[in-house]
Amino acid sequence: MNKKQKLTRLVLCALFAALIVVMTFTPYLGYITVGVIEITTLHIVVIFGACVLGAKYGAVLGAVWGATCIMRAFQLGIIPFQNPLVSLLPRLIVGLVAGLIFLGLSKTKLKKPISLGVSALAGTLTNTVLVLSSLNIFGGFSVLFGEDAKTLDVIIGTLISTNGLIELVASIILVPTLYMATEKYFKNKI
């Protein structure tokens, strides 16, 4: 990889990072709130960026997402998400996992849209499982729900079945679509 390609990757990473920041702080863009349910679309940017730029940049984009999540948590007073082990680390791993899986599947005979869909699936599930597990481990559910945290199984089931399913379907559709639409551009530049 020559210097121009490295610079192009760095600039693209910065653009994806800027998009994450803008989406985080623009209402109903990065986080869509419907009642008590909050659906994120930011994982799509991280997974797409990881597939385009690779696992290393995917981890950087995930870290940007996690950092903006922490800032947003302080802004809105959402105490459990102020913990970097709940907000930052799982999001960093999302970009890393998506990038590594796409790289591995790219070396197989699978068609590219299927490899992208599997990467999107893995990245989204990584986010859902790690964030919910972190909330459970670090007591976030009791802070968020108080006495109602005793119904943890119902809460987790609801979160996974609503948020997780919507986020999963969106990423499986959008990541391959975006990648295939921009593949020629990115292939020529990086």
Side-chain angles (χ1 to χ4, degrees), residues 1-2 4-24 26 28-32 34 37-66 68-69 88-133 159-190:
M1 184 181 320
N2 62 35
K4 185 177 179 181
Q5 289 172 320
K6 287 181 182 179
L7 180 61
T8 301
R9 283 179 180 267
L10 184 63
V11 169
L12 283 172
C13 183
L15 288 171
F16 282 125
L19 181 60
I20 290 168
V21 172
V22 169
M23 288 177 69
T24 297
T26 302
Y28 299 104
L29 192 55
Y31 295 95
I32 301 166
V34 181
I37 297 171
E38 190 169 75
I39 300 163
T40 184
T41 57
L42 293 165
H43 66 294
I44 296 168
V45 178
V46 172
I47 295 167
F48 176 62
C51 291
V52 170
L53 300 172
K56 178 175 77 171
Y57 286 109
V60 169
L61 293 172
V64 170
W65 176 23
T68 61
C69 182
L88 181 68
L89 186 61
R91 275 53 188 268
L92 183 146
I93 295 171
V94 167
L96 186 64
V97 164
L100 288 173
I101 288 179
F102 182 66
L103 176 66
L105 291 176
S106 296
K107 296 176 182 177
T108 67
K109 293 183 181 187
L110 277 177
K111 293 187 181 207
K112 197 169 282 184
I114 294 172
S115 298
L116 291 159
V118 171
S119 300
L121 175 108
T124 305
L125 288 177
T126 300
N127 179 54
T128 302
V129 169
L130 290 181
V131 170
L132 290 177
S133 298
L159 288 173
I160 290 171
S161 64
T162 53
N163 292 33
L165 187 60
I166 293 168
E167 292 170 3
L168 185 67
V169 169
S171 69
I172 289 173
I173 292 170
L174 290 175
V175 169
T177 303
L178 290 168
Y179 188 96
M180 298 310 289
T182 58
E183 182 179 25
K184 285 183 183 176
Y185 173 78
F186 288 127
K187 197 172 214 171
N188 294 333
K189 300 293 180 190
I190 55 177

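- In this structure, OG1 in Thr24 is found 9.0 Å from CG in Leu29, a value given to the nearest 0.5 Å.
- Between Phe186 and Phe16, the angle of the ring planes lies from 30° to 60°, which puts this pair in the tilted group.
- Test Val129, Asn127, Thr128 against Val131 for side chain to side chain contact (heavy atoms under 4.5 Å, CB included) and you get one pass: Asn127.
- In this structure, OG1 on Thr40 lies 12.0 Å from CD1 on Ile166, to the nearest 0.5 angstrom.
- Contact record, Arg9 with Gly54: NH1-N, 4.4 Å, taken as the closest heavy-atom pair.
- Using modelled atom types, one side-chain atom of Gln5 and one backbone atom of Asn2 make a donor-acceptor pair closer than 3.5 Å.
- The two residues Gly49 and Leu61 have their closest heavy-atom pair at CA-CD1, 3.7 Å.
- In this structure, Ala98 and Cys51 approach most closely via the heavy-atom pair O-SG, 4.5 Å.
- When atom types are taken as modelled, the side chain of Thr124 and the backbone of Leu168 share no donor-acceptor pair closer than 3.5 angstrom.
- Rounding to the nearest 0.5 angstrom, the gap separating the CG atom in Leu178 from the CD atom in Glu183 is 12.5 Å.
- Rounded to the nearest 0.5 Å, atoms CZ (Phe48) and CG (Leu53) are 8.5 Å apart.
- Under the 4.5 Å side-chain criterion, counting only non-hydrogen atoms from C-beta, Ile101 is in contact with Leu105.
- Residue Lys112 holds its NZ atom at 4.5 Å from OH of Tyr179, rounded to the nearest 0.5 Å.
- The CD1 atom of Ile20 sits 11.5 Å away from the CD1 atom of Ile44 when rounded to the nearest 0.5 Å.
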Item checked: Working for side-chain contact (heavy atoms from CB on, under 4.5 Å), residues Leu19 and Leu15 -> CA-CA 6 Å; Leu19 181 60; Leu15 288 171; over 6 Å; no
Checklist line | Stepwise side-chain contact (heavy atoms from CB on, under 4.5 Å) check, Tyr31 with Leu42 | finding: CA-CA 8 Å; Tyr31 295 95; Leu42 293 165; 3.5 Å; yes
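- In this structure, His43 contributes its side chain and Gly123 its backbone to no donor-acceptor pair below 3.5 Å.
- At least one side-chain heavy atom of Leu116 sits less than 4.5 Å from a side-chain heavy atom of Met180.
- Here the closest non-hydrogen pair linking Trp65 and Val46 is CE3-CG2, 3.7 Å.
- Between Cys13 and Val60, the shortest heavy-atom distance links the atoms SG-CG1, 3.8 Å.
- When atom types are taken as modelled, the side chain of Thr26 and the backbone of Met23 share no donor-acceptor pair closer than 3.5 angstrom.
- Between Val97 and Ala122, the closest heavy-atom pair is CG1-CB, 4.1 Å.
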